[in-house]
**Student:** 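Before we start, here is the structure in question, set down as structure tokens.
Proteins get letters first, then strands, A, B, ... in listed order; numbering begins at 1 in each.
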Amino acid sequence: MAKQQQNAISPARDKNFPEWYQQVVRASDMAENSEVRGCMVIKPWGYGLWEQIQAQLDVMFKETGHKNAYFPLLIPVSYLEKEATHVEGFATECAVVTHHRLELQDGKMVPAGKLSEPYVIRPTSETIIGAAFARWVQSYRDLPLLINQWANVMRWEMRPRLFLRTAEFLWQEGHTAHETPEQAMEETCKMHGVYEEFLREHLAIPVIPGEKTEGERFPGALNTFTVEAMVQDRKAIQAGTSHFLGQNFSKAAGIDFEGREGKREFAWTTSWGVSTRLIGTLIMAHGDDDGLIIPPRVAPTQVVILPIIPKEEVREEVLAACHQLEEKLRAESAWNAPLRVEVDERDLGGGVKNWEWIKKGVPVRIEIGPRDLEKGSVAVTRRDGGHRDKSFIASDEAVAQMAETLLSIQSNLLERALAFREEHTKELQSAEEFYAFFTPQNSGQPEIHGGFALGHWGGTAEEEEALQKESKVTIRCIPSDPELRGESGVCVITGKPAEGRVVFAKAY
RNA sequence: CGGGGCGUAGCUCAGCUUGGUUAGAGUGCCUGGUUUGGGACCAGGAGGCCGAAGGUUCGAAUCCUUUCGCCCCGACCA
């Protein structure tokens, strides 16, 4: 059957972005929906990506003085109740464990052994880690306490979507306690900076760092900092958050210590996290109509070698050449790590294998066939170029250039994403401009429209909520960059005086 | 929780309005052969008690009732 379609993914991004997204996840073989409502099965290619993200972030956390630890999955309900805003924020999405035994009744297993106090499956661990911190902190000499946990959490979301919003997801949560508010704030900002750098340098996703408005804050936090990315339907996605919790949680959990002056004081705490949502962000930021494109720095496999075996007689020879190349490439390194290379020996015909790897978004494909053996050449194809753009180069040259090629793909992806964001970021002066920017032509089935809008905001929390209800536009952040923030002016929506500009966008 | 839609082969779905042998297609899978530098072809084969329970009927994937689950749009969502 002749191939009819030009691109691997249907529909194209500009036809139906949400559907495109689902198709990319499926075609890349990263994850699938499971039989458990809202919970995904992360398959090897997706989990491999998460492992890279995890390993590279972990290095950054360690470099900034943090240590990993692990806390219970189950949290006594009473812990959550200790912080009023916090419990309010999470109450509606908690999965609750009420029993500890099953009994067979009429052929069915029914819960028995009711717990005197129910547990929730952690939606986040501030409270239970706080309880541990309360035991660990006695003196100002025990501070700062810098802990990170890699874990799964559960939030009973109403509308799950693979990677973007699932009931169970994987994440990392940093929890720290400090002697002074200044130190806690410094920590909050430091990790905010780590996220910004990680997104930009590792995932090739440019973000706008900034502070959340009151209404968008983490339940119980005094300040929430966010890094906001734009994806290809021009919506914003919160990619990582860092919270300054003040003394709210230390008071709730009793994290107090004897200070330098001999007085009893409550610690100042922070928390910060990123999740498997980063994978969803990456898909939507870089993918194209042929599927996923993974930035080389985090790709589970950076280079795949595809043997071309037209005749059985050449099989051994071709495979030997492939493995030889594999060895040579593995001796090279990029970003201080050996190249991650794989030979795909599966006996599949035609371009099937090639297309699979295109859809998986592997950064570089190398084909080796009998003709190459004669000439000592290989065919190299970059995922960020046209999928027929092969360069035939000498095998040794390919080895020598590979690290540079990967760096080049990485920076190309970042530049592309940055150019896209700039193209769809607009400065607004008036409410008319605001509505012109954010109103789709076709309200029934909105086309891709809008983007990031920079404009002055001087409204109240209530006015912000009303704006969101009416236009679906939210204030993504108050940007940290003074240039984006700008001078004081007049609020584009309310006409009231405004300290500076904010980033408006529709969001995931 | 409101509005809409859907449960039939691993996957995507047709068949149902108008009940009638052994329930279909494409794709995927297995076997053999021809192929192989961009999604190949031929032949053969395996795979489904039609989401579940009850009812109507000589006869139910199809009609009726109940129930469970999923998807989409809202509401909700650090």
Side-chain angles (χ1 to χ4, degrees), chain A residues 1-10 16 18-19 22-23 26-27 32-38 85-86 88-94 123-124 126 153 155-161 164-167 169 171 173 211-221 223-228 237-243 245 271-275 277 290-291 306-312 314-315 318 347-359 365-375 377-379 381 386-390 392 443-446 468-469 472 474 476-477 507-508:
Chain A
M1 188 161 300
K3 53 189 187 292
Q4 301 296 338
Q5 89 195 50
Q6 201 93 26
N7 295 107
I9 303 297
S10 172
N16 184 345
E19 182 61 24
Q22 291 191 310
Q23 293 303 327
R26 176 204 287 255
E32 61 188 24
N33 276 310
S34 74
E35 48 278 77
V36 182
R37 185 194 165 281
T85 329
H86 190 67
E88 217 174 282
F90 287 106
T92 57
E93 42 189 295
C94 282
T124 178
E126 272 75 9
V153 288
R155 297 177 189 180
W156 212 260
E157 301 287 357
M158 299 312 277
R159 280 187 58 192
R161 291 182 67 186
L164 292 175
R165 183 175 292 120
T166 45
F169 56 95
W171 79 345
E173 48 182 327
E211 191 179 331
K212 283 290 187 190
T213 57
E214 191 189 336
E216 296 269 328
R217 262 178 219 150
F218 176 75
N223 291 92
T224 287
F225 295 86
T226 175
V227 288
E228 295 286 326
I237 182 161
Q238 177 174 305
T241 51
S242 184
H243 314 292
L245 304 174
S271 69
W272 30 273
V274 296
S275 70
R277 194 180 218 207
D290 287 320
L306 305 168
I308 307 291
I309 304 168
K311 283 173 291 196
E312 205 49 38
V314 298
R315 175 180 296 274
V318 170
D347 193 17
L348 293 175
V352 175
K353 257 199 267 191
N354 218 337
W355 276 105
E356 269 188 30
W357 287 103
I358 291 171
K359 289 184 283 193
R365 306 188 302 282
I366 299 182
E367 291 170 53
I368 301 185
R371 276 184 251 153
D372 298 301
L373 294 188
E374 287 166 26
K375 289 182 285 188
S377 68
V378 295
T381 318
H387 47 63
R388 283 175 184 277
D389 268 340
K390 296 180 192 178
F392 293 88
S443 59
Q445 199 186 354
Q468 177 177 354
K469 283 245 155 67
K472 293 181 183 167
T474 53
R476 300 318 301 159
C477 69
Y508 275 94

**Student:** When you compare the side chains of A:Gln468 and A:Thr474, does any donor N or O come within less than 3.5 Å of an acceptor on the partner?
**Tutor:** no
**Student:** Classify the nucleic acid contact of A:Thr124 as base, sugar-phosphate or nothing, counting any heavy atom under 4.0 Å across all strands shown.
**Tutor:** base
**Student:** For A:Asp347 and B:rU31, what is the distance between atoms CG and P respectively, to the nearest whole Å?
**Tutor:** 11 Å
**Student:** Are the side chains of A:Asn223 and A:Glu211 in touch, meaning some heavy atoms are under 4.5 Å apart?
**Tutor:** yes
**Student:** Among the nucleotides B:rG74, B:rG37, B:rA40, which one has an atom lying closest to any side-chain atom of A:Lys472?
**Tutor:** B:rG74
**Student:** Stems involving RNA chain B: give each as a range paired with a range, ordered by first number, where a stem means at least three consecutive Watson-Crick or G-U wobble pairs under 3.5 Å.
**Tutor:** B:1-7 with B:68-74, B:10-13 with B:24-27, B:29-34 with B:40-45, B:51-55 with B:63-67
**Student:** Rounded to the nearest Å, what distance is computed from the CZ atom of residue A:Phe218 to the P atom of nucleotide B:rC77?
**Tutor:** 14 Å
**Student:** Sequence neighbours left out, what passes ring pair (Phe, Tyr, Trp, His ring centres under 6.0 Å) with A:Trp156? Give chain and number order.
**Tutor:** none
**Student:** How about A:Ser271 and A:His243: does a side-chain donor come under 3.5 Å of a side-chain acceptor?
**Tutor:** no
**Student:** Taking atom P in both B:rG45 and B:rC70, what distance in whole Å separates the two?
**Tutor:** 39 Å
**Student:** For the C1' atoms, the ones on B:rC49 and on B:rU22, what distance do you get once it is rounded to whole angstrom?
**Tutor:** 14 Å
**Student:** Using a cut-off of 4.0 Å on non-hydrogen atoms, how would the nucleic acid contact of A:Glu216 be classed: base, sugar-phosphate, or nothing?
**Tutor:** sugar-phosphate
**Student:** Let me know the distance between CD of A:Gln468 and P of B:rC76, rounded to the nearest Å.
**Tutor:** 8 Å
**Student:** For atom P, what is the distance between B:rA23 and B:rU27, given to the nearest Å?
**Tutor:** 23 Å
**Student:** Name all residues meeting the side chain to side chain contact (heavy atoms under 4.5 Å, CB included) criterion together with A:Ala167; count only those two or more places apart in sequence or in a different chain, and write none if there are none.
**Tutor:** A:Cys39
**Student:** By side chain to side chain donor-acceptor pair (under 3.5 Å), which residues pair with A:Ser275, not counting sequence neighbours?
**Tutor:** none
**Student:** Rounded to whole angstrom units, what separation is found between the CZ atom of A:Arg217 and the C1' atom of B:rC77?
**Tutor:** 18 Å
**Student:** For nucleotides B:rU36 and B:rA25, find the distance between their P atoms and express it as a whole number of Å.
**Tutor:** 31 Å
**Student:** What distance, rounded to whole Å, do you find between the two P atoms, one in B:rG47 and one in B:rA9?
**Tutor:** 15 Å
**Student:** Rounded off to whole Å, could you give me the CZ-to-C1' distance for the A:Arg161 and B:rC77 pair?
**Tutor:** 14 Å
**Student:** P atom, B:rA61 versus B:rC16: distance in rounded Å?
**Tutor:** 14 Å
**Student:** Could you verify whether a donor N or O on one side chain and an acceptor N or O on the other, from A:Asn354 and A:Arg365, lie under 3.5 Å apart?
**Tutor:** yes
**Student:** Kindly write out the residues that satisfy side chain to side chain contact (heavy atoms under 4.5 Å, CB included) with A:Lys359, not counting sequence neighbours, or none if the list is empty.
**Tutor:** A:Ala8, A:Ala27
**Student:** With no angle test and no hydrogens, is the base of B:rG37 tied to the side chain of A:Asp372 by a donor-acceptor pair under 3.5 Å?
**Tutor:** yes
**Student:** Between C1' on B:rU35 and CD1 on A:Ile309, what's the gap in Å once rounded to a whole number?
**Tutor:** 14 Å
**Student:** Using atom names, set out every protein N or O paired with an N or O of nucleotides 7-11 of chain B below 3.5 Å, distance rounded to 0.1 Å.
**Tutor:**
unit_1	atom_1	unit_2	atom_2	d
B:rC11	O2'	A:Arg26	NH1	3.4

**Student:** Pick base, sugar-phosphate or nothing for A:Trp272, based on heavy-atom distances below 4.0 Å to the nucleic acid.
**Tutor:** nothing
**Student:** When you compare B:rG26 with B:rG33, how far apart are their C1' atoms, in angstrom units rounded to a whole number?
**Tutor:** 24 Å
**Student:** Not counting sequence neighbours, which residues clear ring pair (Phe, Tyr, Trp, His ring centres under 6.0 Å) with A:Phe90? List them please.
**Tutor:** A:His86, A:Phe218
**Student:** What residues form a side chain to side chain contact (heavy atoms under 4.5 Å, CB included) with A:Thr213, not counting sequence neighbours?
**Tutor:** A:Glu216, A:Glu464, A:Ile475, A:Ile478
**Student:** Quick check on RNA chain B: between A:Glu367 and A:Tyr508, whose nearest nucleotide comes earlier from the 5' end?
**Tutor:** A:Glu367
**Student:** Which residue, A:Trp171 or A:Gln22, contacts RNA chain B at a nucleotide closer to its 5' end, judged by nearest heavy atom?
**Tutor:** A:Gln22
**Student:** What's A:Ala379 touching, base or sugar-phosphate or nothing? Going by heavy atoms closer than 4.0 Å.
**Tutor:** base
**Student:** Rounded to whole Å, please give me the gap between CD in A:Glu312 and C1' in B:rU34.
**Tutor:** 14 Å
**Student:** Quick test of your reading of the model: are A:Asp347 and A:Lys353 salt-bridged, counting only N-O distances below 4.0 Å?
**Tutor:** no
**Student:** Run the side chain to side chain donor-acceptor pair (under 3.5 Å) test against A:Gln22 and tell me which residues pass, sequence neighbours left out.
**Tutor:** none
**Student:** Which part of the nucleic acid, if any, lies within reach of A:Lys390 when heavy atoms closer than 4.0 Å are counted: base, sugar-phosphate only, or nothing?
**Tutor:** base
**Student:** Within the 4.0 Å heavy-atom criterion, would you say A:Pro123 contacts the bases, only the backbone, or no part of the nucleic acid?
**Tutor:** base
**Student:** Would you classify A:Lys359 as touching base, sugar-phosphate or nothing, given that sugar-phosphate means primed atoms plus P, OP1 and OP2, and contacts are heavy atoms under 4.0 Å?
**Tutor:** base
**Student:** Could you please name the option among B:rU36, B:rC77, B:rC72 that lies closest to any side-chain atom of A:Glu93?
**Tutor:** B:rC77
**Student:** Take the protein atom CD of A:Gln23 and the nucleotide atom P of B:rU27, then report the distance between them rounded to whole Å.
**Tutor:** 18 Å
**Student:** Is the shortest side-chain N/O distance from A:Lys469 to OP1 or OP2 of B:rC76 below 4.0 Å?
**Tutor:** yes
**Student:** What nucleotide, of B:rG39, B:rC77, B:rG37, holds the atom closest to the side chain of A:Arg165?
**Tutor:** B:rC77
**Student:** Please measure how far the C1' atom in B:rA14 lies from the corresponding atom in B:rC6, and state the result in whole Å.
**Tutor:** 14 Å
